[in-house]
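Structure first, commentary second.
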Amino acid sequence: LQRKLAHLERLLEPRSVSQTATRREGRPDPRPAPYPPPGPPTIVQVTTQCESAVTIEEGTIAWQFPAEPGQSLQDPTTGEAWFRFVASRDALLVAHTGGSRADTEIELYRSCSGIETPIAANDDSIGLVSAVSFPVTTGSTWWIRVLQRTGLPAEPVMLTLESAGVIEGTITEAGTGRALADIQVAIREYDTGHYEGWGYTNENGTYQVTGLGTGSYVARTEHSEEHLDELWDDHPCYNDCDVTTGDRIQVIDGWTTRGIDFDLQRAGAISGRVRDAVTQEALEDVWVEVTDAEGSWSESGHTDASGRFSIGGLAPGTHFASTDANDYRDEVFDNYPCLPDCQPIDGTPIPVMAEETVTGIDFDLDQLGSIEGTLVDAATERPIAFASLEFYDATGERAGSAETDSSGRYIGGGLEAGTYFVVTDFWGGYRNEVYDDLPCPGRYSWDCDVLAGQPVQVALHSTTQGIDFA
C-alpha cells in the first residue's frame with residue numbers, strides 16, 4: 001500500500017508542482033516538473049509505419065494524433081508514431097515525452113525488423129511522462145516508437161531527445177550482502193530537496209535513475225518495507241527526514257555517476273497473538289496497528305487463522321500496539337481497553353531495535369454484546385426483509401444498527417455491556433416503533449422517544465435474544 005501511495009503522489013506531482021510544491025522555507029518552488037521540454041517544439045507529421053519513420057534530431061518535436069471520424073474533441077484517443085534518429089556524436093541520451101498531457105509509452109529499436117521486441121521501453125517514468133535513456137555512438141541509427149494510451153486529440157504530444165545524466169548503484173542487505181530487489185530510490189536536488197526522479201532495483205539489487213541534468217543531488221531509499229531507509233551515504237532516514245542533509249552527488253549531463261550504493265539494515269518487528277478472552281480461541285483477521293512515540297502510524301498487519309501476527313518495517317525506537325477488531329472490544333497493549341476510544345501512546349511502550357523481533361505482544365479481547373430479534377407484519381405475520389433498526393444507549397446516543405435478512409431476522413453486535421433501546425427505522429410502509437410495542441408519533445425514527453421504550457440489557461460475550469417487533 002505504501003508503494004502505491006507513493007506512486008500516486010508522483011503521478012500528481014508533475015502537474016501541480018509549480019503551483020503547490022514548497023521548499024523547506026515554505027516559499028513556492030518555481031521549478032517546472034521533471035522532464036520539461038527544453039524549448040519550443042518543431043511540429044511534424046507522423047507515420048504509423050517503422051519503414052517510413054520521420055527522421056528527427058536532438059531537440060523537441062510535437063504532433064497530434066488525429067481523431068477518429070465522428071469523434072468529439074473531448075473523447076479520448078489513442079495512436080502510435082515512429083521516428084528515426086541518427087546520432088551525430090557519442091553521448092548518453094534520453095528520449096522523453098515531457099510536456100505531453102497524454103498517457104504515453106516509449107519503445108526503442110535498432111531496426112524495423114523484429115519490432116515485436118524493443119531493446120528498451122518505458123511507461124510512466126514520472127507521472128504520465130515516459131522516458132528511455134540509451135548510449136549512442138556517432139553514426140548509429142535508432143528507431144523510436146511513441147504510443148499514446150489515452151489523451152485528447154486537440155492536445156499535442158511531445159517527444160524530446162537530449163543528453164542526460166544518470167545515477168546508478170546497488171542496494172544490499174547489511175550483514176548478509178544479499179541483493180535487495182524492488183527497492184525504490186528517489187533522487188532530489190541537493191539545495192532545494194525538489195523531486196527529480198526515481199528508480200527501482202532489479203533482482204540483482206541494481207538501479208538506475210536517468211534524465212538528470214548537470215547539478216548536485218541527493219539519493220534516498222523509500223518505502224523499503226522490511227528494511228530501514230537511508231539517505232546516501234549511510235544517513236538513517238527512517239520516517240521523515242531533511243533530505244538535503246544527505247551527501248552531495250555530482251551529476252554531469254551525458255555521464256553516468258556510479259557507485260551510489262546502499263547497505264540497508266533489516267527493520268525491527270513485533271509479533272504476538274490475539275485470542276478471545278473467555279474461550280481462548282484464536283481470532284483471525286484482527287488488525288493490529290503500530291504507532292511510534294509521537295502517536296503517528298508506523299505499520300500494521302492482521303492475524304492469521306491461528307490468531308498470530310508479525311509486523312515488520314519498524315524503525316528503532318519506542319512503539320505502541322493496538323487492535324482494530326470487529327465485534328470485539330479493542331485494546332492497547334498491554335491490556336488497556338478502549339472504552340470506547342483510546343490513545344495508543346497511553347499503552348505500554350514497546351522498545352524496538354533494528355534487525356530484532358519483539359515477541360509476546362499478545363491480546364485477549366472481550367467479545368462485545370449483541371441484540372437479536374425478528375420483524376414481522378402485525379396483520380399477516382409475514383417476515384419483513386431488509387428493514388433497518390437502530391440501537392440507542394441509556395443517554396439517548398446512537399450506539400449501533402442492524403438490518404433484517406430475508407427471513408426477517410436481525411442481529412446487531414459491537415455493543416458494550418449496558419442498557420439499550422431498540423427502534424425500527426422505516427421510511428415508509430410501516431409505522432416505526434420503540435421496543436416493546438411503543439408506537440412513534442411521527443413518520444421517522446427520530447420522531448420516537450426512544451428512552452420511553454423497554455430497556456434491553458446487554459452483556460459482554462453474549463447475545464440478548466427475543467427483541468421482536470410486529
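All values below come from the heavy atoms of this structure, side chains included, with hydrogens, waters and symmetry mates left out.
N204 and T206 share no donor-acceptor pair across their side chains, judged by distance under 3.5 Å alone. Remark: the D334 side chain and the T348 side chain contain no N/O donor-acceptor pair separated by less than 3.5 Å. At a cut-off of 3.5 Å, with distance as the only test, a side-chain donor of S216 or Q250 sits close to an acceptor on the other residue. A donor-acceptor pair shorter than 3.5 Å cannot be found between the side chains of N432 and S445. There is no side-chain donor-acceptor pair under 3.5 Å between Y336 and E331. Under the 3.5 Å distance criterion, with hydrogens and angles disregarded, a donor-acceptor pair is assigned to the side chains of T463 and S370. For the residue pair E390 and Y392, no side-chain donor N or O sits within less than 3.5 Å of a side-chain acceptor on the partner.
In this structure, R110 satisfies the cation-pi test against W142, with its NZ or CZ atom closer than 6.0 Å to the six-membered ring centre and inside 45 degrees of the ring normal.
With values rounded to the nearest 0.5 angstrom, I350 atom CD1 is found 9.5 Å from T318 atom OG1. Here the CG-CD1 distance, from D233 to I249, works out to 8.5 Å after rounding to the nearest 0.5 Å. Between the CD1 atom in I171 and the CG atom in D182 there is a gap of 10.5 Å [rounded to 0.5 Å]. Once rounded to the nearest 0.5 Å, the distance linking CG of L460 with CG of L368 reads 6.5 Å.
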| Taking it one step at a time, do W255 and L92 satisfy side chain to side chain contact (heavy atoms under 4.5 Å, CB included)? | CA-CA 7 Å; W255 293 80; L92 177 65; over 6 Å; no
| salt bridge (charged side-chain N to carboxylate O under 4.0 Å, His left out) between R273 and D364, intermediate numbers included | CA-CA 9 Å; R273 51 108 181 104; D364 289 332; 3.3 Å; yes
| message | Pair D449, V434 - check side chain to side chain contact (heavy atoms under 4.5 Å, CB included), show working. | response | CA-CA 8 Å; D449 182 5; V434 180; over 6 Å; no
| query | Given the rule in the side chain to side chain contact (heavy atoms under 4.5 Å, CB included) test, do I270 and H319 qualify, once you have shown the distances and angles that lead to the verdict? | reply | CA-CA 10 Å; I270 66 171; H319 294 269; 5.9 Å; no
| task | With side chain to side chain contact (heavy atoms under 4.5 Å, CB included) as the test, would you mind laying out the steps for L231 and V243 before giving the verdict? | result | CA-CA 7 Å; L231 275 168; V243 296; 4.2 Å; yes
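Using the six-membered ring where Trp is involved, F309 and F363 have ring planes that are tilted, between 30° and 60° apart. Taking the six-membered ring for Trp and thresholds of 30 and 60 degrees, Y430 and F426 have ring planes inclined between 30 and 60 degrees apart.
With E289 as the partner, the side-chain contact (heavy atoms from CB on, under 4.5 Å) test is satisfied by one option alone out of P344, S298, S322: S322. The side-chain contact (heavy atoms from CB on, under 4.5 Å) test with V251 singles out one residue from I187, V166, I167, and that residue is I167. Of the residues listed (D324, N326, D330, T323), the one engaging W287 in a side-chain contact (heavy atoms from CB on, under 4.5 Å) is D324, and it is the only one.
What you find for S224 and I183 is that their closest heavy atoms are OG-CG2, 3.8 Å. Among all heavy-atom pairs drawn from E105 and S130, the shortest one is CA-OG, 3.5 Å. Shown here for Y200 and Q184, the closest heavy-atom pair between the two residues is OH-OE1, 3.1 Å. A pairwise comparison of heavy atoms in T404 and F386 identifies OG1-N, 2.8 Å as the closest pair. Of all heavy-atom pairs spanning V132 and A121, the tightest one is CG2-C, 4.0 Å.
Between the side chain of T424 and the backbone N or O of E433, at least one donor-acceptor pair lies under 3.5 Å.
With contacts defined as side-chain heavy-atom distances shorter than 4.5 Å, the pair L339/R329 qualifies.
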